[in-house]
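Note that the numbering runs from 1 along the sequence shown for the chain.
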Amino acid sequence: MVRITILLFSLTLASEVYAHSLWIPEGNFGYEVARDCYKPLRSETLIKAISPNLLNLDRGKMAIYAKESAELRLDSLDCLLTNIKQTESERPIGELLTPSVQSGFQLEELFFQTEWRILLSENRPYPLTPSELSLAKQWLESHIEIKREILNLTIEYLTEKNPNSRRDRYLDLFTGYYGSLLRERDKFLLSLSVESYSSYTEALKQRKETSE
C-alpha cells in the first residue's frame with residue numbers, strides 16, 4: 001500500500017513538473033537531490049489556451065510563463081550541481097547525471113502521452129474530426145521536437161565546466177523553447193472547433209482534479 005501511495009505521488013509530481021524543474025525518477029543517480037531541488041510553478045497549471053483566439057496570440061503572457069519555466073529549470077539545475085555529492089568515479093558529475101536526466105525525460109513524455117490519449121479518446125462528447133486529428137499529429141511532432149531540444153540543452157548545461165558564466169545564454173535559449181511549446185499548444189487548441197476544444201479541456205480539468 002505504501003509503495004502504491006509513493007508511486008501515485010511520483011506520478012502526480014511528474015505531471016506537475018511537465019518539463020519545468022528537473023525531475024529525476026526514483027532509483028536514478030541524483031534522485032534525492034533533484035527531489036529536494038524541485039521548484040513548483042508559481043503560475044497556475046495551464047489547461048486552456050493562454051490566448052483569446054488564433055488571430056490574437058498573447059505573446060506577452062506566453063513570454064512571462066516561458067521565462068518563469070526557464071528560470072525554474074536553471075534554478076533546479078544549479079541546485080542539483082551545488083548539492084549533489086561527488087562520487088568516486090572519475091567521470092564528471094554532468095556525465096553521470098545524463099542517464100538520469102534522459103530517464104526523467106522519457107517519463108515526462110509518458111505523462112504527455114496520457115494527455116494525448118485523452119485528446120484522441122472517442123469517449124468524449126465531441127471527439128476530434130479527421131481534419132482536427134491531422135492538426136493534433138502536427139502538434140505532437142512539434143512538441144516532441146521542442147522537448148528534445150530542452151533535453152539536449154539541459155544535458156549541455158549540466159556538462160558545462162562553468163555553467164554560471166553562461167547562464168544568461170541558457171536562460172534565453174530555455175525561454176525560447178518554452179515559449180515555442182506554449183505557442184504551438186495555443187495554435188493547436190485554438191484551431192479546434194468550440195465543441196472539441198471545450199470537450200478536451202474539460203477532460204483535462206477532470207483528470208487534474210482526480211489526481212489531486
Side-chain angles (χ1 to χ4, degrees), residues 1 3-21 23 25 38 40-70 72-73 104-151 177-212:
M1 186 62 160
R3 183 67 180 174
I4 293 175
T5 302
I6 293 174
L7 177 60
L8 289 175
F9 171 77
S10 298
L11 294 178
T12 303
L13 177 63
S15 63
E16 288 300 316
V17 170
Y18 201 73
H20 303 109
S21 285
W23 183 66
Y38 167 73
L41 280 168
R42 294 181 295 276
S43 307
E44 70 272 19
T45 302
L46 296 177
I47 294 178
K48 295 186 177 182
I50 295 173
S51 308
N53 57 67
L54 193 57
L55 298 177
N56 187 22
L57 294 179
D58 194 337
R59 297 181 184 276
K61 194 170 183 179
M62 286 182 190
I64 293 172
Y65 280 114
K67 188 170 183 181
E68 180 187 354
S69 298
L72 288 178
R73 170 134 297 212
F105 170 80
Q106 291 170 356
L107 280 180
E108 283 179 11
E109 289 310 283
L110 181 62
F111 290 109
F112 180 76
Q113 290 296 328
T114 301
E115 280 194 30
W116 179 249
R117 286 193 293 272
I118 292 173
L119 178 63
L120 299 186
S121 174
E122 295 286 339
N123 296 325
R124 292 188 292 107
Y126 293 93
L128 297 184
T129 64
S131 62
E132 289 173 335
L133 181 58
S134 178
L135 291 172
K137 291 178 179 178
Q138 293 175 28
W139 174 48
L140 177 64
E141 290 174 0
S142 67
H143 171 91
I144 292 173
E145 182 178 346
I146 297 167
K147 285 293 298 298
R148 177 64 62 179
E149 293 298 331
I150 291 174
L151 169 66
Y177 287 133
Y178 284 119
S180 295
L181 275 179
L182 294 172
R183 185 170 58 255
E184 292 302 314
R185 184 175 187 269
D186 260 26
K187 285 166 61 177
F188 165 68
L189 289 176
L190 297 171
S191 297
L192 299 175
S193 68
V194 174
E195 294 82 4
S196 292
Y197 173 79
S198 298
S199 176
Y200 174 52
T201 54
E202 182 60 30
L204 288 180
K205 180 182 177 182
Q206 292 176 3
R207 174 186 169 232
K208 180 178 182 294
E209 291 172 347
T210 300
S211 68
E212 292 174 346

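- To the nearest 0.5 angstrom, Leu57 atom CG is 7.0 Å from Leu190 atom CG.
- In this structure, CD1 on Ile50 lies 10.0 Å from CG on Leu189, to the nearest 0.5 angstrom.
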Test side chain to side chain contact (heavy atoms under 4.5 Å, CB included) applied to Leu128 and Leu192, step by step: CA-CA 8 Å; Leu128 297 184; Leu192 299 175; 3.9 Å; yes

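- Remark: Ser121 engages no residue in a side-chain hydrogen bond (donor to acceptor under 3.5 Å, both in side chains) (not counting sequence neighbours).
- Contacts of Glu195 classified as side chain to side chain contact (heavy atoms under 4.5 Å, CB included), with partners at least two apart in sequence or in another chain: Tyr126, Ser193.
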message: Applying side chain to side chain contact (heavy atoms under 4.5 Å, CB included) to Ser191 and Leu54, what does each step give before you reach the verdict?
response: CA-CA 7 Å; Ser191 297; Leu54 193 57; 3.7 Å; yes

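- Glu145 has no carboxylate O lying under 4.0 Å from a charged side-chain N of Arg148, or vice versa, which leaves the two without a salt bridge.
- We find the CH2-NZ distance between Trp116 and Lys137 to be 7.5 Å, quoted to the nearest 0.5 Å.
- Note: His143 NE2 to Glu184 CD = 11.5 Å, rounded to the nearest 0.5 Å.
- The shortest non-hydrogen separation linking Leu72 to Ser21 is O-OG, 4.0 Å.
- Counting only distance, with no hydrogens or angles, the side chain of Arg183 and the backbone of Arg59 share no donor-acceptor pair below 3.5 Å.
- Taking the six-membered ring for Trp and thresholds of 30 and 60 degrees, Trp139 and Phe188 have nearly parallel ring planes, at less than 30 degrees apart.
- Under the ring pair (Phe, Tyr, Trp, His ring centres under 6.0 Å) criterion, Tyr197 pairs with no residue, sequence neighbours left out.
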